[in-house]
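Okay, so here's the structure we're looking at.
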Amino acid sequence: MSVAVAPGRAWYLPIRGAEGDHLPLDAVLEAVAPALEAPDVTVVGQNLKYDLQVLWNAGARVDGPIFDTMIAAALLHPERRGNGLDALAQDLLGVTLVPTEALIGKGKRQISMLEVPLEDLATYAAEDADATWRLYERLRDELRAAPTALRDLIETLEFPLVAVLARMERHGVGLDLDLLEETREALEGRVAALRDEIQEAAGATFNPDSPAQLGEVLFDRLGLRVVKRTKTGRSTDASVLETLAAESDHPLPGLVLRYRELTKLLGTYVAPLPGFVSARDGRLHASFHQVGAATGRLSSSEPNIQNIPVRSDAGRMIRRAFVPSGPDRVLMSADYSQVELRMLAHLSGDAAMREAFDAGLDVHAFVAAQVYGVPLEEVDDERRQVAKTVNFGIVYGQTAFGLARTLRIPQGDAAAFIEAYKARYPGIDAFLATCVARAEADGYVETILGRRRPVPEIASRNRNQRALGERLAINTVVQGSAADLIKVAMRTLDARLAAADAPDAAMIVQVHDELVFDVARDALPATEALAREVMTGAMDLDVPLVVDVASGATWADAKG
DNA sequence: GCTAGGCGACA
DNA sequence: AATTGTCGCCTAGCC
């Protein structure tokens, strides 16, 4: 539901759904289209990403700046993140709205807006438009009074990004349904066979999908060791099964590990993905959520295209099903190398860490050499792995206990490494402390572009909650600043790809440090050059940004 | 049908 | 207690 604003006028767009039944839309479009195309008219609404798609599908152009009340509210009032329009109207305006749920239901019973009777919709729409408008006036005033950085973030990055994400969603991703079908049949066969082997090894009939039943078999029937406990019982997660497989030489833990891997792929990806293919264009249109994560990262759903498997062989089969939109096209992936660690080096100004990136070295090996005090050439795999784990863990606020558990090394060794690390990179240590101090002093932390996240845990009387608050304070600044960076790159890339002389390419997916493009084969060199230029130049940091680019006939082949 | 818990995919 | 951020599948228990 949108409101288009012209000087002295406002229109309400009773958009009912993405397809069909556009009687009201047609009439309104006719009246509003000239205003929507005027570059000085701000288009106001909630969830404008959706409205833009409807308008585009109806043939309208929307050229002016936009003001999305839900985005503005999420960024100006991050403590209310997740609130819907009705909760915001209640909290900020004192207005009680009929929740959208009352109209279309929720969960499995949810219906399309198209199915709502017109008379019900009319009352709801009038209220909704009124609240959206009043919320806009309120947030517009708050935005004017906001700190400069936050205002810039919202006006010049997040609002323009609404249209960028709308285009990405609308373009979608090609899916090789034949390959998925083949993969499904192959996986179903292997899963059925594993199921039999599992019953055989257990000497009992039980449901291996049930952690409770599996626990009974492993711990009661077979008498294996309880390695770890959950809130309610005995854990059977992968790390436990690996431990049991190594120390018990009973076949069951290994079989269940394999079974879990394959059923995960089958149940979460291979079987459901075809159901997301659009009847209109045969492509898959995932959703991207601009304020889906507390740190400023995007999230994705229906389907979540940010957690498509890549690590295992079977997982990579699934990536092979993601293909370009037509013949003579390829998928190109451009991903930031070590972006969070580079951001940490920049934010902390740590001289030694910056040196590694300036020299273009393997940063994990570099850190291993420095912390262990050996020449770079003498760093072995094991020491590099320790350094790599710490490099990742440091931005999560990892403890010696956690590092020891991850690497399965003695806690004393882990503590010694972390101490040496902090001594070797004092700038990083000081920066981490600053993040915590800011959270304590202000109750929130800020990213490089001034995005804010409240950290109420930091003031808790509970020691564990305070420790959590410290980790959140650190991680949010680093992860959120990296999210700011790629969003800047996306905004610029979208504009450059829309220019008259742009290569024939569309940006279609973002996975936190990676952008995927659907590219005409002929346009590949130009697109690669453009992505490198824009991504490496998105911010002027004190360390170089490095982007790895690869392309191929499928997403699996577009990995370097 | 709904929710919580366990688990695991990705960054 | 012990490493951040997501989304979604399956089971189990409750209504």
Side-chain angles (χ1 to χ4, degrees), chain A residues 105-110 206-215 228-241 256-257 259-273 276 286-289 291-312 314-316 318-319 335-336 338-340 389-407 411 414-415 418 435 453 455 457 462-480 482-483 486 509-514 555:
Chain A
K106 57 182 266 190
K108 295 206 169 177
R109 280 189 166 181
Q110 189 170 335
F206 72 106
N207 181 357
D209 292 325
S210 164
Q213 292 184 36
L214 177 62
K228 188 164 74 170
R229 305 204 72 93
T230 66
K231 248 182 261 183
T232 57
R234 303 165 294 189
S235 174
T236 66
D237 73 17
S239 72
V240 170
L241 295 177
V256 173
L257 277 169
Y259 175 82
R260 285 238 178 105
E261 183 195 347
L262 299 186
T263 52
K264 174 76 175 180
L265 299 179
L266 190 57
T268 304
Y269 305 101
V270 177
L273 278 175
F276 286 102
S287 294
F288 290 98
H289 310 288
V291 290
T295 54
R297 273 190 175 182
L298 300 182
S299 71
S300 168
S301 67
E302 295 177 288
N304 181 354
I305 203 164
Q306 295 182 318
N307 73 346
I308 301 300
V310 67
R311 287 168 197 168
S312 70
R316 276 188 291 277
I318 297 169
R319 285 220 169 195
D335 66 282
Y336 280 114
Q338 306 292 348
V339 65
E340 289 192 358
T389 305
V390 173
N391 278 334
F392 282 116
I394 203 87
V395 293
Y396 304 143
Q398 189 170 55
T399 61
F401 178 92
L403 179 66
R405 207 180 52 180
T406 302
L407 290 173
Q411 202 170 322
I418 289 175
C435 291
R453 177 184 185 175
V455 191
E457 295 86 353
N462 178 312
R463 210 156 53 90
N464 296 327
Q465 282 295 301
R466 279 203 306 282
L468 173 64
E470 292 177 6
R471 297 194 297 272
L472 294 177
I474 291 164
N475 180 251
T476 297
V477 176
V478 180
Q479 186 184 113
I486 196 167
V509 170
Q510 188 252 41
V511 194
H512 311 306
D513 64 359
E514 172 189 16
W555 197 0

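For A:I418, the side chain to side chain contact (heavy atoms under 4.5 Å, CB included) partners at least two apart in sequence or on another chain are A:A400, A:L403, A:K422. By the side chain to side chain contact (heavy atoms under 4.5 Å, CB included) test, A:S235 pairs with A:K228, A:T230, A:D237, A:V240, sequence neighbours left out. Evaluation of the salt bridge (charged side-chain N to carboxylate O under 4.0 Å, His left out) rule for A:R234 yields A:D220 as partners, not counting sequence neighbours. Applying the side chain to side chain donor-acceptor pair (under 3.5 Å) criterion to A:R316, with sequence neighbours excluded, gives A:D313. With sequence neighbours excluded, no residue satisfies side chain to side chain donor-acceptor pair (under 3.5 Å) with A:E470. Applying the side chain to side chain contact (heavy atoms under 4.5 Å, CB included) criterion to A:E457, with sequence neighbours excluded, gives A:V455, A:Q465, A:L468, A:L472. Evaluation of the side chain to side chain donor-acceptor pair (under 3.5 Å) rule for A:N391 yields A:H364, A:Y421 as partners, not counting sequence neighbours. A search for side chain to side chain donor-acceptor pair (under 3.5 Å) contacts involving A:T295 returns A:Q479, not counting sequence neighbours. Among residues two or more places apart in sequence or in another chain, the side chain to side chain contact (heavy atoms under 4.5 Å, CB included) test is passed with A:A482 by A:V339, A:E340.
Separating the CZ atom of A:R316 from the C1' atom of B:dA9 is a distance of 14 Å, rounded to the nearest angstrom. A:K231 has its NZ atom 10 Å from the P atom of B:dA4, to the nearest Å. Here C:dT4 presents its C1' atom at 15 Å from CG of A:L403, a figure rounded to the nearest Å. Nucleotide C:dA1 holds its P atom 14 Å from the CD atom of A:Q411, rounded to whole Å. Atoms CG (A:L298) and P (B:dA11) sit 15 Å apart, rounded to a whole Å. Rounding to whole angstrom units, CG of residue A:N391 and C1' of C:dT4 are separated by 16 Å. Protein atom CG of A:D513 is 18 Å distant from nucleotide atom P of C:dG5, rounded to whole Å. Taking atom CD1 of A:I418 as the reference point, atom P of C:dA2 lies 15 Å away to the nearest angstrom.
Among the nucleotides B:dG5, B:dC7, C:dG5, the one closest to the side chain of A:R297 is C:dG5.
Across all strands, A:A483 comes closer than 4.0 Å to no nucleic acid atom at all (heavy-atom distances). As judged by a 4.0 angstrom heavy-atom cut-off over every strand, A:I308 is placed among residues touching the sugar-phosphate backbone only. When heavy atoms are screened at a 4.0 angstrom cut-off, A:V310 is found touching the sugar-phosphate backbone but no base atom. Residue contacts for A:T236: at a heavy-atom cut-off of 4.0 Å it reaches the sugar-phosphate backbone alone, with no base atom in range.
Nucleotides C:dA1 and B:dG8 have their C1' atoms positioned 22 Å apart, rounded to a whole Å.
A stem is defined here as three or more consecutive Watson-Crick or G-U pairs, each with both distances under 3.5 Å; for DNA chain B these stems are B:1-11 with C:4-14.
No N or O donor and acceptor, one from the side chain of A:Q306 and one from the base of C:dT6, sit under 3.5 Å apart. Counting atom types as modelled, A:R405 pairs no side-chain N or O with a base atom of C:dA2 as donor and acceptor under 3.5 Å.
Look at A:R234 and you won't find any side-chain N or O under 4.0 angstrom from OP1 or OP2 of B:dG6. Contact annotation: A:T295 side-chain N/O to C:dT4 OP1/OP2 distance is not under 4.0 Å. For B:dA9, the OP1/OP2 oxygens have no side-chain nitrogen or oxygen of A:R311 closer than 4.0 Å.
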Using a 4.0 Å heavy-atom cut-off to protein, can you give one letter per nucleotide of nucleotides 7-15 of chain C, 5' to 3': B if the base is in contact, S if only the sugar-phosphate is, - if neither? BBSSSS---
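We find the OG-CG distance between A:S299 and A:N307 to be 11.0 Å, quoted to the nearest 0.5 Å.
Contact check for A:I486 versus A:H512: no side-chain heavy atoms found under the 4.5 Å cut-off. Side-chain contact between A:Q510 and A:Q306: present, with at least one pair of heavy atoms (C-beta onward) separated by less than 4.5 Å.
For DNA chain C, the residues of residues 463-476 of chain A within the heavy-atom distance limit of 4.0 Å (strictly under) are A:N464, A:L468, A:R471, A:L472, A:N475, sorted by number.
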Using the side chain to side chain contact (heavy atoms under 4.5 Å, CB included) rule, take A:I305 and A:W555 through it: C-alpha gap first, then chi angles, then the decisive distance, then the call. CA-CA 12 Å; A:I305 203 164; A:W555 197 0; 4.2 Å; yes
